[in-house]
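Sequence lines set the chain letters: A, B, ... in the order given, protein chains first and strands last, and positions in each chain run from 1.
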2 protein chains.
Amino acid sequence: MTDDDAVFRALADGSRRQLLDRLRARDGQTLGQLCQGLAMTRQAVAKHLAILEEANLVAWHRQGREKLHFINPVPIHQIARRWVTQFDQPRLDALAALKERLEAPGTTDDIE
Amino acid sequence: MTDDDAVFRALADGSRRQLLDRLRARDGQTLGQLCQGLAMTRQAVAKHLAILEEANLVAWHRQGREKLHFINPVPIHQIARRWVTQFDQPRLDALAALKERLEAPGTTDDIE
DNA sequence: TTGACAGGTAACCATTTGGTTGCATATTAA
DNA sequence: TTAATATGCAACCAAATGGTTACCTGTCAA
């Protein structure tokens with residue numbers, strides 16, 4: 001509950017979901033790149049990114065004077081596991097099992 | 001964006017997620033029942049339920065002087081479809097296809 | 001018919017949120 | 001070295017949010 005909260009809050013804002021969309025389209029963008037075309041100041045975008053970082057949805061890496069942002073899909077998957085798959089039992093139980101079997105071989109990341 | 005927004009906003013609050021949890025545990029509860037044990041006035045709970053209604057996550061039906069609340073899993077599924085399954089392509093594409101076959105009417109447990 | 005019960009409505013309040021402006025700092029290029 | 005570039009930080013602001021109290025309405029049972 002405590003950890004999900006940051007993710008749900010982060011996803012609650014349309015601008016932040018838009019930022020995630022942009023990163024999903026092209027990962028590793030700088031703050032400046034992420035600002036382009038948005039009707040918002042750079043500082044506002046930076047605040048949104050900070051909230052996404054707090055929710056662990058975005059990580060970054062400094063390169064010179066630039067800050068490269070990377071998306072992290074794990075928290076959303078975790079939430080989906082706890083919320084969507086439970087939502088209508090038991091039809092999706094079989095699905096969850098299948099999902100694990102599908103994702104298991106050769107995958108190293110988001111399945112704990 | 002416009003329709004998802006209400007759902008994301010509704011899910012952003014912990015009290016509202018708790019209400020959904022309660023309805024998931026037992027569907028069709030009255031306002032009074034949903035208030036029990038919560039550290040919040042009835043009016044506050046009613047406001048939360050109104051927000052869940054706006055997001056189409058909860059529907060209700062009047063029975064005498066009582067208001068029975070029912071959960072609707074569809075919006076969360078829609079969001080999951082648009083967000084989770086897109087999040088790491090293409091590994092989950094096969095999963096989405098399977099999901100549709102699983103969820104198609106008439107299919108129960110016949111996959112294994 | 002008259003309370004008691006379930007819920008609705010409205011005014012109000014403190015805090016959070018999403019945004020701004022202004023200025024400071026660090027890195028790169030000329 | 002100097003100027004432009006990329007980002008950081010802080011103060012401030014309006015509006016939204018989550019909650020309250022107070023009172024009103026409709027329904028059921030005695």
Linked, directly or transitively: A:V58 and A:L68 (ILVMFWY side chains, under 4.5 Å) | no

Inter-end axis angle, the helix from C:dT1-D:dA30 to C:dA30-D:dT1, with every axis fitted to five base pairs (rounded, 10 degrees) | 20°

B:I51 side chain, from C-beta outward: closest of D:dG18, C:dG7, D:dG8 | D:dG18

Between P of D:dG8 and CH2 of A:W60, the distance in whole Å | 7 Å

Which whole-number value in Å describes the distance from B:E66 CD to C:dC5 P?
-> 13 Å

Criterion side-chain contact (heavy atoms from CB on, under 4.5 Å) on A:Q29 and A:L23, from CA distance to verdict | CA-CA 7 Å; A:Q29 294 187 68; A:L23 283 179; 4.2 Å; yes

Give the cluster check for A:M40 versus A:L34: same hydrophobic cluster or not, with ILVMFWY residues linked at side-chain heavy-atom distances below 4.5 Å.
-> yes

Interatomic distance, A:D5 CG vs D:dT17 C1' [rounded to whole Å] = 14 Å

Separation of D:dT7 atom P from A:E53 atom CD, nearest Å, is 13 Å

Applying side-chain contact (heavy atoms from CB on, under 4.5 Å), run through B:T30 and B:K67 and close with a yes or a no.
-> CA-CA 5 Å; B:T30 69; B:K67 194 178 181 182; 6.0 Å; no

Can you tell me how far C1' of C:dG8 sits from NE2 of B:H69, to the nearest Å?
-> 12 Å

Atom CZ of B:F8 and atom P of D:dT17 are separated, to the nearest Å, by 16 Å

According to the interplanar angle, ranging from 0 to 90°, do the rings of B:W83 and B:F8 count as parallel (below 30°), tilted (30 to 60°) or perpendicular (above 60°)?
-> perpendicular

Kindly work out whether a path of hydrophobic side-chain contacts (I/L/V/M/F/W/Y, heavy atoms less than 4.5 Å apart) joins B:I79 to B:I51.
-> no

Should A:D4 and B:R17 be marked as a salt bridge (Lys or Arg N to Asp or Glu O under 4.0 Å) after you check the CA-CA gap, both sets of side-chain angles, and the distance that decides it?
-> CA-CA 10 Å; A:D4 284 3; B:R17 293 197 302 275; 6.0 Å; no

Determine whether B:L38 and B:I71 fall in the same hydrophobic cluster, where Ile, Leu, Val, Met, Phe, Trp and Tyr are linked whenever their side-chain heavy atoms lie under 4.5 Å apart.
-> yes

Taking all atoms of both residues into account, what is the closest heavy-atom pair of A:A55 and A:A6, and its distance?
-> CB-O, 3.4 Å

Can you check the A:L68 CG to C:dT27 P distance for me, whole Å?
-> 14 Å

Could you walk me through whether B:E53 and B:K47 pass the salt bridge (Lys or Arg N to Asp or Glu O under 4.0 Å) check?
-> CA-CA 10 Å; B:E53 286 164 29; B:K47 280 190 186 180; over 6 Å; no

Go through the steps for B:L20 and B:L52 under the test side-chain contact (heavy atoms from CB on, under 4.5 Å), then give the verdict.
-> CA-CA 9 Å; B:L20 287 180; B:L52 290 170; 4.1 Å; yes

Do nucleotides 25-30 of chain D as a string where each nucleotide becomes B, S or -: B if the base has a protein heavy atom under 4.0 Å, S if just the sugar-phosphate does, - if no protein is that close.
-> -BBS--

Calculate the interatomic distance between B:L11 atom CG and D:dG18 atom P; express it in whole Å.
-> 12 Å

Return the 5'-most residue of the pair B:L31, A:S15 with respect to DNA chain C, ranking by each residue's nearest nucleotide.
-> B:L31

Per the under-4.0 Å heavy-atom filter, residues of residues 36-49 of chain A near DNA chain D come out as A:R42, A:Q43, A:K47

